[in-house]
Amino acid sequence: MPVPDIRIDLSETERAIQKTAHRFAAEVLRPAGEALDKLSAEEAIAEGSILYDVHAKYRELGLSDVDPDLTPLETARMSAIVSEELSWGDVGLAISCGVSGMAPNLAMLSGNPDLIEKFPRDRIGCWAGTEPNHGSDFVDMDERNVAPGATLPRPDCIATRDGNGFRISGQKSAWVSNGTIAEQAALYCGYRDEETSGFGVFLVDLTTEGVSRGKPTEKIGQRPLNQGEIFFDGVYVPADHMVVPPEAYAEGGNATLTMANSSMGISFAGVAKAAFDLALDYSKTRIQGGIPIIQHQSVKARIFTMYRKVEAARALAWNTYLANLAGPTPDITAAIASKVTCTQTAFEVASDALQIFGGNGISKEYPIEKIMRDARISMIEDGCNETLGLIAGSRLAAE
Ligand SMILES: Cc1cc2nc3c(=O)[nH]c(=O)nc-3n(C[C@H](O)[C@H](O)[C@H](O)COP(=O)(O)OP(=O)(O)OC[C@H]3O[C@@H](n4cnc5c(N)ncnc54)[C@H](O)[C@@H]3O)c2cc1C
């Protein structure tokens, strides 16, 4: 028996979407994620990989479609429901599908019909931000964590003015999600012209001449999520592909981080719930001492602690996501609080779940060790939790 959902305010339509997303998560994402997890990073992205079927089915279901008739709040509620459920199934695949929406979302925000047509939702996309020499520094958009007197090294990837457009040269880090398979990018990079030295955001078709890729990154968790370097060698983009100019970069970058961290909160609340559900089921069927292990006091207490952490994370993630996607003033501090809390919770709950599985917990025959690996790397993803905490703390100190 699943634990009843304490979220009682979902409409009939929202419940139906939740059901569809949950079925897709359970029947497609969970098994595909487990299969991809066992492959090498190269095999996972080879032609014919189940990874591409997942993307195709995700699009077929219309889970990423934007309905112009919905209010911002209704849109945010729908996407929160879908993200939580998909991440419950497999968070790496959920993120692979979700981050593909980044370039089309920016195209929509630009209001430019040409960009909307050139950067459609049916292509795999990425957020190309971090660089070999700019990881935590990239996330620190206002340079709040730069030590007094220190200077940051030059960006590894720079767009320069070239007539009516830009030429992009340099590289992005091995951590760009979908990096070696993406067909289009929301590229956040350095910007130079005769008067300006700063940063900008560009929409880039990655099938353009001059783009090449590194090897897909081998890593311990979220292995179904492809990651890898992207290299740019004088790649030309037209002028209107700069969607955030240097003077608006700090604000635009912080808005992106606010959305990204709010999404991470929802996703990893879903991961925490997945670990809890598996542990609860297992504890009711595994017999030791002559009774199901959940009847032993310490297991019962552990299960309750997990439950309370999961529901606290879900509540914070949901409130933050709705406030930041549909509220009047998106708040980066709240987004960071949600990301840090939910990723930390996912890791703690997955670790507790593994303990409940005993020896089976550490076996690859059971799903829990993968969820723990997936949760572990989330504490680095979209900003290390401690550096995000410093950014949020310095904002609180300044208020
Ligand atoms: C699963 C996953 C998905 C990702 N997806 C993307 C993506 O789609 N696009 C993208 O662009 N990037 C992506 N990243 C990159 C991610 O944003 C960076 O890994 C992260 O910001 C940390 O940067 P770094 O790895 O270079 O670590 P570093 O910045 O080198 O940090 C190393 C250590 O030093 C600490 N540290 C660094 N600076 C400070 C400071 N000022 N004060 C105190 N401590 C500090 C950090 O907390 C950390 O413990 C992803 C990463 C992961 C793991």
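For the numbers below, each heavy atom of this structure counts, side chains included, while hydrogens, waters and symmetry mates do not. Counting convention: from 1, in listed order, for ligands and their atoms alike.
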Residue shell for ligand 1, any heavy atom closer than 4.0 Å, reads W127, G129, T130, G135, S136, V139, N145, W175, V176, S177, Q222, Q227, I377, I380, E381, D382, G383, C384, E386, T387, L390
Which residues satisfy the salt bridge (charged side-chain N to carboxylate O under 4.0 Å, His left out) test with K172, sequence neighbours excluded? E131
Below 30° counts as parallel, above 60° as perpendicular, anything between as tilted: where do the rings of F119 and H241 land? perpendicular
Residues that D162 engages under side chain to side chain donor-acceptor pair (under 3.5 Å), provided they are two or more places apart: R167
Pairing donors with acceptors under 3.5 angstrom, does anything connect the side chains of N112 and D240? yes
Return the set of residues passing ring-ring contact (aromatic ring centres under 6.0 Å, His included) with Y249 (not counting sequence neighbours), or none when no residue passes. F199
If the plane angle is over 60° it's perpendicular, under 30° parallel, otherwise tilted; pick one for F357 and Y366. perpendicular
